[in-house]
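Structure first, commentary second.
In what follows, every chain begins at residue 1, and chains take the letters A, B, ... in the order their sequences are listed. Worth knowing before you read on, the calculation uses all heavy atoms, side chains too, and leaves out hydrogens, waters and symmetry mates.
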2 protein chains.
Amino acid sequence: MASIKDVAAEAGVSVATVSRVLNDHPSVSEDARTRVLAAVQTLGYRPNAVARSLRTDQTRTLGLVISDVLNPYFTELARSVEEEARALGYSVIIGNADERPDLQDHHVRTLLDRRIDGLLVSPADGGSPGMLDAARAGTPMVFVDRWIPGVDVPVVRADGRTAVRDLVAHLHGLGHRRLAIIAGPAATTTGSERVEAFREAMAEHGLPLPDAYIGQGDFQAESGRRVTEGFLDLPEPPEVVFAADNLMALGALDAIRARGLRVPEDIALAAFDDIPWFVHTDPPITAVAQPTGELGRAAVRALVDRIEGRPPQSVTLAARLVVRRSCGEPAPTPHSPVTNRSTS
Amino acid sequence: MASIKDVAAEAGVSVATVSRVLNDHPSVSEDARTRVLAAVQTLGYRPNAVARSLRTDQTRTLGLVISDVLNPYFTELARSVEEEARALGYSVIIGNADERPDLQDHHVRTLLDRRIDGLLVSPADGGSPGMLDAARAGTPMVFVDRWIPGVDVPVVRADGRTAVRDLVAHLHGLGHRRLAIIAGPAATTTGSERVEAFREAMAEHGLPLPDAYIGQGDFQAESGRRVTEGFLDLPEPPEVVFAADNLMALGALDAIRARGLRVPEDIALAAFDDIPWFVHTDPPITAVAQPTGELGRAAVRALVDRIEGRPPQSVTLAARLVVRRSCGEPAPTPHSPVTNRSTS
DNA sequence: ATCCTCCATGTAATCGATTCCACGAGGAGG
DNA sequence: CCTCCTCGTGGAATCGATTACATGGAGGAT
């Protein structure tokens, strides 16, 4: 592969001049510029990003460590992150932690070894050692979706509190009284916050929330299935199951169907995180939707601000309730255009 | 960030010795080794992968360019690719082309600039210029899922021919005669092959396949919806719609429901590419399943073989039919464990 | 005792870029 | 006509690693 030296030789100038042309430094004669550009053409030269990074100490690359690529929520997040980063002249390297702290650490380490300019993380747990080190070492970093309390890193996330309250109000309005939740890992902020919001909203409506109605999941479908089976085995099963993420909701749906029960007639179902597929399941699933794309873009902007020396800002966006049919009431316009997005 | 020089100073040895310890070269005294390791510890030193890559001319990184991250099929592929690559000591950088040749080119170029050791591609179209250049320039490369005819690059893919024949036989056996297909872009191999296989299978059963029953999609949900609407508007609509990928199948499902029709009573639906969600839709969707994980792993192995000087092998695995209820016949065990994976 | 080998180590070149500094030419100003 | 700037350019240092080559000391063989 042709190097800058070859280009210099071909153009009859020094490597310094070639470099100047490539970085359009003002002080280059028109003549030299055209000769260099021609040489670049004929040789099909492309600058070696590795060498450039070594010299300039910047890679123009962002690392993104997500908890689970198989979760459509994170996929959409990753897509918007890459899009915004590209618009700002950065590339993104994605690391998939599969909800495992050790894998998360592996990716953080690898990313740091590559000297990425900044790190976007949605921590899989309370904070793996490698991540904390990175934060302490001053690597530009931004948390997205989930975060770690007590660590001084900007956070870009959605606040589901209001939407969860709306959801509970909606369910209460439909006459449901026994509501259960499938929680995410307590070590994740999204895991604990959603339960917290749910608990508060229940209290506001004077509804009891017995421990038996709080199931411990891990954001994976299998756990949703297991917890739901537990609920159905109770002497007095809940009337509604609220899953703290979309994968657990699908596990729940599966468990319900396996018993031959119908949604919403026999038991209602709602989920946190709206995904396109919820429109297509039968019945369509009522969910709390995060502004995922905007979250990803805001996170990139915050991180790039931090990298380029501007003060980064934490951002909290609102989530909103999308009512569909899985809780009993038909959505306002059952067969309207396509994405049935009515806010309660 | 500490460099190898700092470690050398701390340990009281030369950088050469430090490097030897780090790459466990045999010729290092036990004493030196322990001193270096101690210095590495106290300084929290991590080798700079950028500098190392520049010198050794290898990055131990693979590029993976996929057509659409939002498609669960590619997500699963990406996951298995990363897993196998990690096991072999490589990292993976994913580029999402969003089915756009220009974006695909952008990612190929960026990846090449970073001097990745090899490239795994599922080409979004007949072959963008940058990709063909890369192939011609001798970059180690392997096509996965889709490929480009006439380019001398190993291909790892699934052959759906038999499964499609099984599908048509299944549909024929259920009494369906008017079968329509939503095809993918003709420029992609998977786009044309699936239609081809379908056409042949129809011929074998003596069934006609009028042009009106071949809709042109682009592997995105919206096109599935549009094409399906066209089918339903025909004077004699088909009895079955077969979508050439999972996203178009969901678009089709949506269009069907929007008309208030039922699956499979009013119209049957089948898809290429099985994904977990097909178990959860109502009715569960009959699909042709690819061994996605195995495909990803085999592709990585072939690419790494090529990179490390061993002869790479093209691989073709079989896809298989998974019968569910969307075509009329109840699946053999309607409420069996979970993943309803019965082969026809 | 001498010579040869081998082992541990250090010095320095190298990878491909960027960038500081020096230098020569040419133009402006005194 | 001389001085001083500015502009275009090239030489060379530099980033942080790896590695070929040189070196000196220890140990074995004769």
Side-chain angles (χ1 to χ4, degrees), chain A residues 1-37 39-40 43-61 89 91 109-117 137, chain B residues 1-37 39-40 43-61 89 91 109-117 137:
Chain A
M1 191 153 275
S3 85
I4 196 171
K5 272 189 207 157
D6 304 314
V7 176
E10 173 82 15
V13 297
S14 72
V15 295
T17 299
V18 175
S19 176
R20 289 196 190 94
V21 171
L22 265 29
N23 296 282
D24 39 36
H25 185 98
S27 190
V28 182
S29 69
E30 203 45 49
D31 176 54
R33 182 182 311 280
T34 53
R35 291 221 311 287
V36 167
L37 260 21
V40 165
L43 295 178
Y45 169 76
R46 299 245 74 209
N48 184 327
V50 174
R52 188 198 297 252
S53 294
L54 177 60
R55 184 57 233 254
T56 61
D57 200 36
Q58 53 162 345
T59 50
R60 293 204 73 81
T61 300
S91 301
R109 225 189 309 277
T110 309
L111 257 10
L112 256 31
D113 285 353
R114 287 168 178 273
R115 301 301 192 265
I116 46 151
D117 294 340
Chain B
M1 190 150 276
S3 84
I4 195 171
K5 272 189 208 157
D6 304 313
V7 176
E10 173 81 14
V13 297
S14 71
V15 295
T17 300
V18 175
S19 176
R20 288 196 190 95
V21 171
L22 265 30
N23 297 282
D24 40 38
H25 184 98
S27 193
V28 182
S29 69
E30 203 45 47
D31 176 55
R33 181 181 312 279
T34 53
R35 291 221 310 287
V36 167
L37 261 20
V40 165
L43 295 178
Y45 168 78
R46 296 245 76 207
N48 183 327
V50 174
R52 185 198 300 249
S53 293
L54 177 61
R55 183 57 233 255
T56 60
D57 200 36
Q58 53 163 347
T59 49
R60 294 204 72 82
T61 300
S91 299
R109 224 187 312 278
T110 308
L111 257 9
L112 256 32
D113 285 353
R114 287 171 179 272
R115 302 300 192 267
I116 46 148
D117 293 341

Main chain of H25(B), side chain of N23(B): is a donor-acceptor contact present, judged purely on distance under 3.5 Å?
no
Give a yes or no on whether a salt bridge exists between R109(B) and D113(B), defined as a side-chain N under 4.0 angstrom from a carboxylate O.
no
side-chain N/O R55(A) vs dT14(D) OP1/OP2, d < 4.0 Å:
no
Could you tell me how far apart H25(A) (NE2) and dT9(D) (C1') are, to the nearest whole angstrom?
10 Å
OP1 or OP2 of dT9(C) under 4.0 Å from side-chain N/O of S29(B)
yes
Expected output: side-chain R60(A) to main-chain G89(A) donor-acceptor under 3.5 Å
yes
Rounded to whole Å, how long is the line connecting atom CG of L43(B) with atom P of dA17(D)?
12 Å
Phosphate OP1/OP2 of dT9(D): any S14(A) side-chain N/O under 4.0 Å
no
Nearest whole Å is fine: how far is dT11(C) C1' from R20(B) CZ?
10 Å
In whole Å, what is the span from the CD atom of Q58(B) to the P atom of dC15(C)?
16 Å
Within the pair N23(A) and dT18(C), is there a side-chain N or O less than 4.0 Å away from OP1 or OP2?
yes
D113(B) CG to dG16(C) C1', straight-line distance once rounded to whole Å
13 Å
Find which nucleotide of DNA chain C each of D57(B) and V28(B) is nearest to by heavy atoms, and output the residue with the more 5' nucleotide.
V28(B)
